[in-house]
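Encoded as C-alpha coordinates, the structure appears first; notes follow it.
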Protein chains: 2
Amino acid sequence: MELTKTHLDDAICPVARTAEIISGKWTLLIIRDLTSGVKRFNQLERSLCGISPKTLSERLRSLEEEGVLLRRTFAEVPPRVEYSLTEKGRDLVGVIESMRSYGKRWLCDDQTNQK
Amino acid sequence: MELTKTHLDDAICPVARTAEIISGKWTLLIIRDLTSGVKRFNQLERSLCGISPKTLSERLRSLEEEGVLLRRTFAEVPPRVEYSLTEKGRDLVGVIESMRSYGKRWLCDDQTNQK
DNA sequence: CGGCATCCCTAGCGATACTG
DNA sequence: CAGTATCGCTAGGGATGCCG
(Lines give C-alpha, C1' and ligand atoms only; values in the text may rest on other atoms or scores of the structure.)
Protein backbone atom coordinates (compact mmCIF):
# COMPACT_ATOMS: atom_id res chain seq x y z
CA MET A 1 0.00 0.00 0.00
CA GLU A 2 1.91 2.95 -1.23
CA LEU A 3 0.90 6.49 -1.94
CA THR A 4 2.24 7.90 -5.14
CA LYS A 5 2.99 11.50 -5.94
CA THR A 6 -0.32 11.98 -7.62
CA HIS A 7 -1.88 11.72 -4.18
CA LEU A 8 -0.14 14.82 -2.95
CA ASP A 9 -2.97 15.90 -0.71
CA ASP A 10 -3.12 12.53 0.92
CA ALA A 11 0.64 12.20 1.12
CA ILE A 12 0.79 15.08 3.56
CA CYS A 13 -2.30 14.02 5.45
CA PRO A 14 -1.31 12.72 8.90
CA VAL A 15 -4.07 10.13 8.75
CA ALA A 16 -2.75 8.72 5.51
CA ARG A 17 0.82 8.72 6.79
CA THR A 18 -0.18 6.79 9.88
CA ALA A 19 -2.18 4.40 7.75
CA GLU A 20 0.94 3.71 5.73
CA ILE A 21 2.84 2.68 8.84
CA ILE A 22 0.22 0.44 10.36
CA SER A 23 -1.02 -1.06 7.15
CA GLY A 24 -0.13 -4.63 6.45
CA LYS A 25 -1.85 -7.65 7.78
CA TRP A 26 0.34 -8.25 10.83
CA THR A 27 1.84 -4.90 11.65
CA LEU A 28 -0.62 -3.83 14.29
CA LEU A 29 -0.62 -7.21 15.94
CA ILE A 30 3.15 -7.17 16.27
CA ILE A 31 3.09 -3.74 17.84
CA ARG A 32 0.36 -4.78 20.19
CA ASP A 33 2.29 -7.83 21.29
CA LEU A 34 5.30 -5.71 22.03
CA THR A 35 3.31 -3.37 24.25
CA SER A 36 3.52 -5.97 26.99
CA GLY A 37 7.30 -5.94 26.88
CA VAL A 38 10.41 -7.17 25.12
CA LYS A 39 9.87 -10.19 22.88
CA ARG A 40 12.08 -12.58 20.96
CA PHE A 41 11.53 -13.70 17.38
CA ASN A 42 10.30 -17.08 18.43
CA GLN A 43 7.86 -15.66 20.95
CA LEU A 44 6.29 -13.43 18.35
CA GLU A 45 6.16 -16.28 15.86
CA ARG A 46 4.20 -18.37 18.32
CA SER A 47 1.86 -15.68 19.59
CA LEU A 48 1.06 -14.48 16.08
CA CYS A 49 -0.48 -17.78 15.27
CA GLY A 50 -0.08 -18.54 11.59
CA ILE A 51 2.49 -15.96 10.54
CA SER A 52 5.32 -17.17 8.34
CA PRO A 53 8.90 -16.42 9.42
CA LYS A 54 9.45 -14.54 6.20
CA THR A 55 6.54 -12.24 6.79
CA LEU A 56 7.44 -11.70 10.44
CA SER A 57 11.01 -10.93 9.46
CA GLU A 58 9.89 -8.47 6.80
CA ARG A 59 7.47 -6.68 9.10
CA LEU A 60 10.02 -6.45 11.90
CA ARG A 61 12.61 -5.05 9.55
CA SER A 62 10.34 -2.40 8.08
CA LEU A 63 9.13 -1.39 11.53
CA GLU A 64 12.71 -1.11 12.66
CA GLU A 65 13.54 1.07 9.66
CA GLU A 66 10.61 3.30 10.49
CA GLY A 67 11.89 3.67 14.03
CA VAL A 68 8.89 2.02 15.61
CA LEU A 69 10.79 -0.81 17.22
CA LEU A 70 14.30 -1.64 18.33
CA ARG A 71 16.21 -4.77 17.36
CA ARG A 72 18.84 -5.85 19.84
CA THR A 73 21.11 -8.79 19.10
CA PHE A 74 23.20 -10.71 21.60
CA ALA A 75 26.43 -12.43 20.62
CA GLU A 76 25.49 -15.74 22.16
CA VAL A 77 25.09 -19.33 21.13
CA PRO A 78 22.34 -19.99 20.37
CA PRO A 79 21.74 -16.47 19.06
CA ARG A 80 19.29 -14.22 20.84
CA VAL A 81 17.49 -11.24 19.36
CA GLU A 82 15.12 -9.07 21.31
CA TYR A 83 12.53 -6.69 19.95
CA SER A 84 11.07 -3.78 21.85
CA LEU A 85 9.06 -0.66 21.08
CA THR A 86 10.72 2.70 20.76
CA GLU A 87 8.97 5.81 22.04
CA LYS A 88 7.57 6.27 18.54
CA GLY A 89 6.25 2.73 18.74
CA ARG A 90 4.81 3.03 22.23
CA ASP A 91 2.99 6.13 21.11
CA LEU A 92 1.03 3.99 18.68
CA VAL A 93 -0.70 2.42 21.65
CA GLY A 94 -3.13 5.32 21.56
CA VAL A 95 -4.22 4.35 18.08
CA ILE A 96 -4.42 0.70 19.02
CA GLU A 97 -6.54 1.45 22.06
CA SER A 98 -8.98 3.53 20.07
CA MET A 99 -9.24 0.65 17.63
CA ARG A 100 -9.80 -1.77 20.47
CA SER A 101 -12.47 0.47 21.89
CA TYR A 102 -14.18 0.70 18.51
CA GLY A 103 -13.92 -3.03 17.96
CA LYS A 104 -15.56 -3.69 21.29
CA ARG A 105 -18.39 -1.31 20.57
CA TRP A 106 -19.21 -2.54 17.09
CA LEU A 107 -17.45 -5.70 16.05
CA CYS A 108 -17.69 -8.29 18.79
CA ASP A 109 -20.01 -11.23 19.10
CA ASP A 110 -22.47 -9.22 21.10
CA GLN A 111 -24.72 -7.93 18.33
CA THR A 112 -26.95 -5.76 20.47
CA ASN A 113 -25.06 -2.64 19.50
CA GLN A 114 -24.87 -3.42 15.84
CA LYS A 115 -27.00 -1.40 13.51
CA MET B 1 -4.86 -5.27 30.03
CA GLU B 2 -2.78 -8.34 29.59
CA LEU B 3 -2.36 -9.70 26.12
CA THR B 4 -3.10 -13.36 25.93
CA LYS B 5 -3.28 -15.73 23.03
CA THR B 6 -7.01 -15.28 22.74
CA HIS B 7 -6.51 -11.64 21.93
CA LEU B 8 -4.60 -12.61 18.85
CA ASP B 9 -7.44 -14.54 17.37
CA ASP B 10 -8.91 -12.50 14.57
CA ALA B 11 -12.36 -13.61 15.56
CA ILE B 12 -11.98 -12.30 19.08
CA CYS B 13 -9.47 -9.48 19.13
CA PRO B 14 -11.22 -6.11 18.70
CA VAL B 15 -8.04 -4.55 17.39
CA ALA B 16 -7.74 -7.11 14.61
CA ARG B 17 -11.41 -6.80 13.74
CA THR B 18 -11.14 -3.04 13.44
CA ALA B 19 -7.99 -3.41 11.37
CA GLU B 20 -9.91 -5.64 8.99
CA ILE B 21 -12.52 -2.97 8.43
CA ILE B 22 -10.19 -0.06 7.85
CA SER B 23 -7.60 -1.95 5.88
CA GLY B 24 -7.30 -1.20 2.21
CA LYS B 25 -5.50 1.66 0.61
CA TRP B 26 -8.46 4.01 0.27
CA THR B 27 -10.84 2.96 3.00
CA LEU B 28 -9.78 5.40 5.67
CA LEU B 29 -9.56 8.24 3.21
CA ILE B 30 -13.11 7.63 2.07
CA ILE B 31 -14.34 7.66 5.63
CA ARG B 32 -12.31 10.75 6.33
CA ASP B 33 -13.92 12.54 3.41
CA LEU B 34 -17.39 11.54 4.52
CA THR B 35 -16.90 12.98 7.99
CA SER B 36 -17.50 16.41 6.52
CA GLY B 37 -20.91 15.39 5.26
CA VAL B 38 -22.89 13.64 2.56
CA LYS B 39 -20.97 13.08 -0.67
CA ARG B 40 -21.79 11.90 -4.16
CA PHE B 41 -19.80 9.40 -6.18
CA ASN B 42 -18.30 12.04 -8.37
CA GLN B 43 -17.29 14.21 -5.43
CA LEU B 44 -15.42 11.36 -3.82
CA GLU B 45 -13.80 10.44 -7.11
CA ARG B 46 -12.42 13.94 -7.41
CA SER B 47 -11.37 14.44 -3.81
CA LEU B 48 -9.66 11.05 -3.70
CA CYS B 49 -7.28 12.15 -6.39
CA GLY B 50 -6.18 9.17 -8.43
CA ILE B 51 -8.67 6.54 -7.39
CA SER B 52 -10.22 4.50 -10.18
CA PRO B 53 -14.01 4.25 -10.38
CA LYS B 54 -13.77 0.51 -10.02
CA THR B 55 -11.82 0.73 -6.79
CA LEU B 56 -14.05 3.44 -5.38
CA SER B 57 -17.11 1.40 -6.25
CA GLU B 58 -15.66 -1.70 -4.60
CA ARG B 59 -14.67 0.13 -1.43
CA LEU B 60 -18.03 1.87 -1.12
CA ARG B 61 -19.85 -1.38 -1.58
CA SER B 62 -17.87 -3.27 1.04
CA LEU B 63 -18.20 -0.40 3.49
CA GLU B 64 -21.91 -0.38 2.90
CA GLU B 65 -22.07 -4.12 3.54
CA GLU B 66 -20.22 -3.63 6.79
CA GLY B 67 -22.71 -1.00 7.84
CA VAL B 68 -20.17 1.79 7.95
CA LEU B 69 -21.84 3.95 5.36
CA LEU B 70 -25.23 4.43 3.82
CA ARG B 71 -25.99 4.46 0.11
CA ARG B 72 -29.02 6.42 -0.91
CA THR B 73 -30.22 6.48 -4.49
CA PHE B 74 -32.60 8.95 -6.05
CA ALA B 75 -34.81 8.08 -9.00
CA GLU B 76 -33.81 11.07 -11.04
CA VAL B 77 -32.32 11.83 -14.41
CA PRO B 78 -29.41 12.13 -14.32
CA PRO B 79 -29.12 9.62 -11.52
CA ARG B 80 -28.02 10.75 -8.08
CA VAL B 81 -26.49 8.63 -5.33
CA GLU B 82 -25.47 9.98 -1.97
CA TYR B 83 -23.13 8.40 0.54
CA SER B 84 -23.09 9.19 4.21
CA LEU B 85 -21.66 7.67 7.35
CA THR B 86 -23.81 5.58 9.64
CA GLU B 87 -23.39 5.81 13.38
CA LYS B 88 -21.00 2.90 13.13
CA GLY B 89 -19.06 4.87 10.54
CA ARG B 90 -19.07 8.15 12.43
CA ASP B 91 -17.74 6.30 15.42
CA LEU B 92 -14.60 5.55 13.44
CA VAL B 93 -13.73 9.22 13.65
CA GLY B 94 -12.19 8.50 17.03
CA VAL B 95 -9.75 6.09 15.44
CA ILE B 96 -9.04 8.49 12.61
CA GLU B 97 -8.38 11.34 14.99
CA SER B 98 -5.95 9.31 17.05
CA MET B 99 -4.19 8.42 13.82
CA ARG B 100 -4.12 12.07 12.82
CA SER B 101 -2.73 12.99 16.18
CA TYR B 102 -0.03 10.35 15.91
CA GLY B 103 0.78 11.36 12.36
CA LYS B 104 1.27 14.94 13.41
CA ARG B 105 3.53 13.98 16.28
CA TRP B 106 5.78 11.65 14.36
CA LEU B 107 5.31 11.56 10.64
CA CYS B 108 5.17 15.05 9.21
CA ASP B 109 8.25 17.13 8.56
CA ASP B 110 6.28 20.08 7.32
CA GLN B 111 3.27 20.91 9.43
CA THR B 112 2.30 24.05 7.54
CA ASN B 113 0.29 22.62 4.70
CA GLN B 114 -1.58 19.72 6.19
CA LYS B 115 -5.14 18.75 5.68
C1' DC C 1 17.51 -19.74 17.47
C1' DG C 2 16.70 -16.50 14.10
C1' DG C 3 16.60 -15.86 10.29
C1' DC C 4 17.33 -15.71 4.59
C1' DA C 5 16.32 -17.97 -0.23
C1' DT C 6 13.12 -19.61 -3.17
C1' DC C 7 8.88 -20.33 -5.43
C1' DC C 8 4.17 -19.48 -5.96
C1' DC C 9 -0.42 -17.50 -5.62
C1' DT C 10 -3.99 -14.31 -4.75
C1' DA C 11 -6.30 -9.87 -3.45
C1' DG C 12 -6.14 -5.38 -4.47
C1' DC C 13 -5.41 -1.79 -7.35
C1' DG C 14 -4.94 0.80 -11.83
C1' DA C 15 -6.29 2.00 -16.73
C1' DT C 16 -9.42 2.10 -20.12
C1' DA C 17 -13.67 1.52 -22.42
C1' DC C 18 -18.34 1.19 -22.22
C1' DT C 19 -23.55 1.62 -20.46
C1' DG C 20 -28.31 2.52 -18.13
C1' DC D 1 -23.93 10.77 -13.35
C1' DA D 2 -22.77 6.58 -11.50
C1' DG D 3 -21.32 3.14 -12.16
C1' DT D 4 -19.92 -1.97 -14.67
C1' DA D 5 -16.71 -4.88 -17.81
C1' DT D 6 -12.11 -6.26 -18.98
C1' DC D 7 -7.51 -6.79 -18.67
C1' DG D 8 -3.24 -6.65 -16.50
C1' DC D 9 0.15 -5.79 -12.85
C1' DT D 10 2.44 -6.29 -8.49
C1' DA D 11 3.18 -6.19 -3.61
C1' DG D 12 2.01 -9.00 0.27
C1' DG D 13 1.85 -12.99 2.00
C1' DG D 14 2.16 -18.42 2.55
C1' DA D 15 5.01 -22.84 2.31
C1' DT D 16 9.10 -24.97 2.45
C1' DG D 17 14.00 -25.69 2.87
C1' DC D 18 18.46 -24.42 4.37
C1' DC D 19 22.18 -22.19 7.16
C1' DG D 20 25.50 -19.68 10.68
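Reminder, nothing fancy here: chain letters follow the sequence lines and each chain counts from 1.
Distance Leu56(A) CG to dC4(C) P: 10 Å, rounded to the nearest Å. Taking atom CG of residue Leu60(A) and atom P of nucleotide dG13(D), one finds them 13 Å apart after rounding to whole Å. At whole-Å resolution of the value, CZ in Arg59(B) and P in dA2(D) are 20 Å apart. Counting to the nearest Å, the P atom of dG12(D) and the CD atom of Glu20(B) are 19 Å from each other. Rounded to a whole Å, the CD atom of Glu58(B) is 13 Å from the P atom of dG3(D). As a whole-Å value, the separation of Ile30(B) CD1 from dA2(D) C1' is 15 Å. Rounded to an integer number of Å, the gap from Leu44(B) CG to dA2(D) P is 10 Å. The CG atom of Leu29(A) sits 14 Å away from the C1' atom of dG13(D) (whole-angstrom rounding).
A residue-by-residue look at Glu45(B) and Ile51(A) shows that Glu45(B) has its nearest nucleotide of DNA chain D further toward the 5' end.
Residue Thr55(A) places at least one side-chain N or O closer than 4.0 Å to OP1 or OP2 of dG14(D). A sub-4.0 Å separation between OP1 or OP2 of dG14(D) and a side-chain N or O of Lys25(A) is present. The phosphate of dG3(D) (OP1 or OP2) has no side-chain N or O of Arg40(B) nearer than 4.0 angstrom. Distances shown here put a side-chain N or O of Tyr83(A) below 4.0 Å from the OP1 or OP2 atom of dG3(C).
Among dG13(D), dG3(C), dT4(D), the nucleotide with an atom closest to any side-chain atom of Phe41(A) is dG3(C). Residue Ser57(A) places its side chain closer to dC4(C) than to any other of dT4(D), dC4(C), dG14(C). Across dC13(C), dG2(C), dG3(D), the shortest atom-to-atom separation from the side chain of Trp26(B) is found for dC13(C). The listed nucleotides are dG14(C), dG2(C), dA5(C); the one nearest the side chain of Lys54(A) is dA5(C).
Applying a 4.0 Å cut-off to non-hydrogen atoms, the residues of residues 68-80 of chain A that approach DNA chain D are Pro79(A), listed by residue number.
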message: Let's go through Lys25(A) and Arg59(A) carefully: what are the C-alpha distance in whole Å and the side-chain angles of both, what is the deciding distance for side chain to side chain contact (heavy atoms under 4.5 Å, CB included) to 0.1 Å, and is it a yes or a no?
response: CA-CA 9 Å; Lys25(A) 182 172 175 180; Arg59(A) 290 296 111 198; over 6 Å; no
field: Verdict with supporting geometry, Ser57(B) and Arg61(B), side chain to side chain contact (heavy atoms under 4.5 Å, CB included)
entry: CA-CA 6 Å; Ser57(B) 177; Arg61(B) 198 161 301 274; 4.2 Å; yes
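Interatomic distance, OH of Tyr83(A) versus CD of Gln43(A), reported as 12.0 Å (0.5 Å rounding). Remark: Leu29(A) CG to Cys49(A) SG distance equals 11.5 Å, nearest 0.5 Å. To the nearest 0.5 angstrom, Thr55(B) atom OG1 is 10.5 Å from Glu45(B) atom CD.
A 6.0 Å sphere centred on CD of Glu76(B) holds more than 12 heavy atoms belonging to other residues, nucleotides or ligands.
Defined by atom type and a distance below 3.5 Å, a donor-acceptor pair is missing between the side-chain atoms of Ser98(B) and Ser101(B).
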